[in-house]
Amino acid sequence: MVLTVTSLSKTFRMHVLNNQRIVGFEDVSFSVADGEFLAIVGESGSGKSSLLKSIYRTYEPTSGRVLYESTDGTVDLAGCSEREILALRRSEMGYVSQFLDEIPRVPAVDVVARPLRERGISASKARERASNLLETLGLPADLFEAYPATFSGGERQRVNLARAVAPSPRLLLLDEPTSALDPETRSLAIDLLRSHLNETTTAIGVFHNADVIDALADRVAILDDGRLEGIVDAEAYTQEAQT
């Protein structure tokens with residue numbers, strides 16, 4: 001297994017609400033195999049994004065373990081140092097949020113090329129791969145050198161997805177990466193992800209669209225009110241969703 005999540009929980013303390021305790025999710029356990037795509041579904045507020053952020057360590061879990069089989073051995077993402085998690089993000093992990101946190105006054109092609117440059121790839125080759133990915137996702141060529149701050153939501157999502165996929169991470173985490181895309185562009189994004197999901201890339205993604213789940217996922221984890229209700233085969237889940 002590439003990733004084994006055991007009894008993972010995240011609780012938030014709301015200081016502006018007299019230190020009130022808010023449960024993001026609790027006691028979640030599952031494993032993900034090499035090359036598998038696990039979709040996470042659930043109603044709004046069920047803890048999907050919080051779970052994904054806790055795996056990536058944007059949020060520090062309150063309790064539990066996230067054992068990741070890196071190229072250098074097993075690492076507990078829930079408890080490792082900041083230095084270790086930052087190194088893994090640069091070398092092995094990719095994350096796609098719904099929103100692009102762009103660097104001011106950096107062209108879209110360089111935003112996508114940046115993780116490749118951080119891995120030692122030359123500027124020309126990194127920009128070439130970045131341009132190819134943006135073209136694959138249907139972003140107009142005249143926007144490659146433009147600043148993403150001026151883009152639409154869908155255009156930003158395409159830049160965000162291209163940036164995460166560019167270095168071919170071993171573990172790819174996706175939080176509603178196609179929510180702002182129209183059907184045609186969503187189809188391009190699905191094709192891109194399909195081409196990058198293989199025995200060397202494992203993915204966990206939060207989705208609402210049953211068609212995307214049907215096209216990409218192997219299994220589906222269902223969250224309800226912060227708890228894992230179960231994990232089912234993706235085909236069975238989509239058939240049930242369509243009835």
Side-chain angles (χ1 to χ4, degrees), residues 1-15 19-98 115 164 167-177 197-207 213 216-234 237:
M1 294 294 175
V2 171
L3 194 78
T4 301
V5 176
T6 306
S7 301
L8 196 67
S9 300
K10 176 58 182 176
T11 299
F12 300 92
R13 290 287 182 179
M14 308 301 291
H15 300 295
N19 216 31
Q20 182 178 346
R21 178 177 177 270
I22 304 295
V23 176
F25 61 89
E26 56 185 340
D27 198 27
V28 171
S29 299
F30 62 85
S31 295
V32 188
D34 292 5
E36 184 179 17
F37 194 119
L38 178 70
I40 301 175
V41 302
E43 298 296 328
S44 179
S46 60
K48 304 182 300 297
S49 293
S50 294
L51 174 58
L52 209 65
K53 290 177 180 178
S54 294
I55 294 172
Y56 193 62
R57 263 283 290 282
T58 305
Y59 290 162
E60 186 172 349
T62 305
S63 61
R65 306 180 78 191
V66 182
L67 298 183
Y68 169 61
E69 297 299 328
S70 77
T71 55
D72 293 326
T74 304
V75 179
D76 182 3
L77 301 180
C80 67
S81 68
E82 287 293 321
R83 184 175 182 177
E84 287 177 294
I85 196 69
L86 290 173
L88 285 170
R89 289 175 184 172
R90 285 193 297 268
S91 63
E92 298 189 29
M93 298 171 66
Y95 182 86
V96 184
S97 66
Q98 296 182 54
S168 299
R170 292 188 69 243
L171 179 63
L172 180 60
L173 305 174
L174 307 113
D175 190 359
E176 289 289 351
L197 298 179
N198 49 50
E199 65 277 2
T200 61
T201 301
T202 300
I204 303 174
V206 171
F207 294 101
I213 294 171
L216 294 173
D218 298 300
R219 293 185 298 151
V220 179
I222 303 169
L223 286 184
D224 183 26
D225 197 25
R227 289 189 171 274
L228 181 63
E229 292 296 304
I231 298 180
V232 299
D233 179 77
Y237 173 82

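Hydrogens, waters and symmetry mates play no part in the numbers below; they use all other heavy atoms, side chains included. In this text, all values refer to a predicted model and were calculated from it rather than measured experimentally.
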*Asks:* Restricting to non-hydrogen atoms, name the atom on Ser54 and the atom on Pro61 that form the minimum distance, rounded to 0.1 Å.
*Replies:*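 In terms of heavy atoms, the two residues are closest at O-CG, 3.8 Å.
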*Asks:* Give, for atom CG of Leu52 and atom OG of Ser97, the distance between the pair rounded to the nearest 0.5 Å.
*Replies:*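 Going from the CG atom of Leu52 to the OG atom of Ser97 covers 10.0 Å.
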*Asks:* What do you reckon, is CZ of Arg65 surrounded by more than 12 foreign heavy atoms closer than 6.0 Å?
*Replies:*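 No, because the 6.0 Å sphere around CZ of Arg65 holds 12 heavy atoms or fewer from other groups.
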*Asks:* So how far is it from Glu92 CD to Thr201 OG1, rounded to the nearest 0.5 Å?
*Replies:*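 Between Glu92 CD and Thr201 OG1, I get 11.0 Å after rounding to 0.5 Å.
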*Asks:* Closer than 3.5 angstrom, by distance alone: can the side chain of Arg89 be matched with the main-chain N or O of Glu84 as a donor-acceptor pair?
*Replies:*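 Absent.
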*Asks:* Using a 6.0 Å cut-off, check whether atom CD of Glu229 has over 12 heavy atoms from anything other than its own residue.
*Replies:*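 Yes, enclosed.
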*Asks:* Counting only N and O atoms by type, is there a donor-acceptor contact under 3.5 Å from the side chain of Glu69 to the main-chain atoms of Leu3?
*Replies:*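 Between the backbone of Leu3 and the side chain of Glu69 there is no qualifying donor-acceptor contact (under 3.5 Å).
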*Asks:* Test side-chain contact (heavy atoms from CB on, under 4.5 Å) on Leu77 and Ile85 and set out the steps.
*Replies:* CA-CA 7 Å; Leu77 301 180; Ile85 196 69; 3.7 Å; yes
*Asks:* Would you check if Ile22 and Thr11 make a side-chain contact, meaning some heavy-atom pair closer than 4.5 Å?
*Replies:*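 They are not in side-chain contact.
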*Asks:* Holding to side chain to side chain contact (heavy atoms under 4.5 Å, CB included), I want the full list of residues that pass it with Pro167, two or more places apart in sequence or in another chain.
*Replies:*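 Applying side chain to side chain contact (heavy atoms under 4.5 Å, CB included) to Pro167 gives Pro115, Leu116, Arg119, Pro169.
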*Asks:* May I ask you to decide if Thr62's main-chain N or O and Ser9's side chain share a donor-acceptor pair within less than 3.5 Å?
*Replies:*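 No.
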*Asks:* If I take atom CD from residue Glu26 and atom CG from residue Leu51, how far apart are they, to the nearest 0.5 angstrom?
*Replies:*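 Glu26 atom CD to Leu51 atom CG measures 12.5 Å (nearest 0.5 Å).
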*Asks:* Would you say that more than 12 heavy atoms from the other residues, nucleotides or ligands in this model lie under 6.0 Å from the CG of Asp225, or not?
*Replies:*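 Atom CG in Asp225 is not crowded, with 12 or fewer foreign heavy atoms closer than 6.0 Å.
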*Asks:* Do side-chain atoms of Thr6 reach the backbone of Ser29 as a donor and acceptor pair under 3.5 angstrom?
*Replies:*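 No, Thr6 side chain to Ser29 backbone: no donor-acceptor pair under 3.5 Å.
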*Asks:* Is there a donor in the side chain of Tyr237 and an acceptor in the side chain of Arg219, or the other way round, less than 3.5 Å apart?
*Replies:*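 Side chains of Tyr237 and Arg219: no pair found under 3.5 Å.
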*Asks:* How far apart are the C-alpha atoms of Ile204 and Ile40, what are their side-chain angles, what is the distance that settles it, and do they pass the side-chain contact (heavy atoms from CB on, under 4.5 Å) test?
*Replies:* CA-CA 7 Å; Ile204 303 174; Ile40 301 175; 3.5 Å; yes
*Asks:* Is any side-chain heavy atom of Ser63 closer than 4.5 Å to one of Leu8?
*Replies:*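 A side-chain contact is absent here, since even the closest heavy-atom pair is not under 4.5 Å.
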*Asks:* Please check if the side chain of Ser50 supplies one atom and the backbone of Gly47 the other of a donor-acceptor pair under 3.5 Å.
*Replies:*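 No, because the side chain of Ser50 does not come within donor-acceptor range (under 3.5 Å) of the backbone of Gly47.
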*Asks:* So, do Leu38 and Asp218 sit near enough that their side-chain heavy atoms are less than 4.5 Å apart?
*Replies:*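 No, too far: nothing below the 4.5 Å cut-off.
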*Asks:* For residues 19-56, pull every pair meeting ring pair (Phe, Tyr, Trp, His ring centres under 6.0 Å), keeping only residues two or more places apart or in separate chains.
*Replies:*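 Of all non-adjacent pairs touching residues 19-56, those that pass ring pair (Phe, Tyr, Trp, His ring centres under 6.0 Å) are Phe37-Phe207, Tyr56-Tyr95.
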*Asks:* Check the pair Lys48, Glu176 against salt bridge (Lys or Arg N to Asp or Glu O under 4.0 Å), reporting the backbone distance first and the verdict last.
*Replies:* CA-CA 10 Å; Lys48 304 182 300 297; Glu176 289 289 351; 6.0 Å; no
*Asks:* One pair to check against side-chain contact (heavy atoms from CB on, under 4.5 Å): Leu67 and Asp76. What are the steps and the verdict?
*Replies:* CA-CA 4 Å; Leu67 298 183; Asp76 182 3; 3.9 Å; yes
*Asks:* Please tell me if the side chains of Val32 and Met1 come closer than 4.5 Å, counting only heavy atoms from C-beta onward.
*Replies:*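 With C-beta onward as the side chain, the pair stays apart.
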*Asks:* Could you tell me if the side chain of Arg21 sits less than 4.5 Å from the side chain of Arg13, heavy atoms only?
*Replies:*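 Sidechains of Arg21 and Arg13: in contact.
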*Asks:* Is there a side-chain contact between Leu223 and Leu228 in this structure, where contact means two heavy atoms from C-beta onward sitting under 4.5 Å apart?
*Replies:*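 Heavy-atom side-chain distance check passes, below 4.5 Å.
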*Asks:* Short question: side chain of Ser70, backbone of Gly73 - any donor-acceptor pair under 3.5 Å?
*Replies:*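 Yes; judged by distance alone, with no hydrogens or angles, the pair exists.
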*Asks:* Quick one: OG on Ser46 to CG on Asp224, what's the gap to the nearest 0.5 Å?
*Replies:*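 Atom-to-atom, Ser46:OG and Asp224:CG are 7.0 Å apart.
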*Asks:* Go through it in stages, so that I can follow the logic: the residues are Ser31 and Val5, the test is side-chain contact (heavy atoms from CB on, under 4.5 Å), and I'd like the CA-CA distance, side-chain angles, deciding distance and then a yes or no.
*Replies:* CA-CA 6 Å; Ser31 295; Val5 176; over 6 Å; no
*Asks:* Could Glu60 and Lys10 be called an ion pair, given the rule that one side-chain N must be under 4.0 Å from one carboxylate O?
*Replies:*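 The answer is no: the pair does not qualify as a salt bridge.
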*Asks:* Report yes if the side chains of Tyr68 and Leu171 come closer than 4.5 Å at any heavy-atom pair, otherwise no.
*Replies:*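 Touching, per the 4.5 Å side-chain cut-off.
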*Asks:* Would you check if Thr202 and Leu172 make a side-chain contact, meaning some heavy-atom pair closer than 4.5 Å?
*Replies:*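 Heavy-atom side-chain distance check fails, nothing below 4.5 Å.
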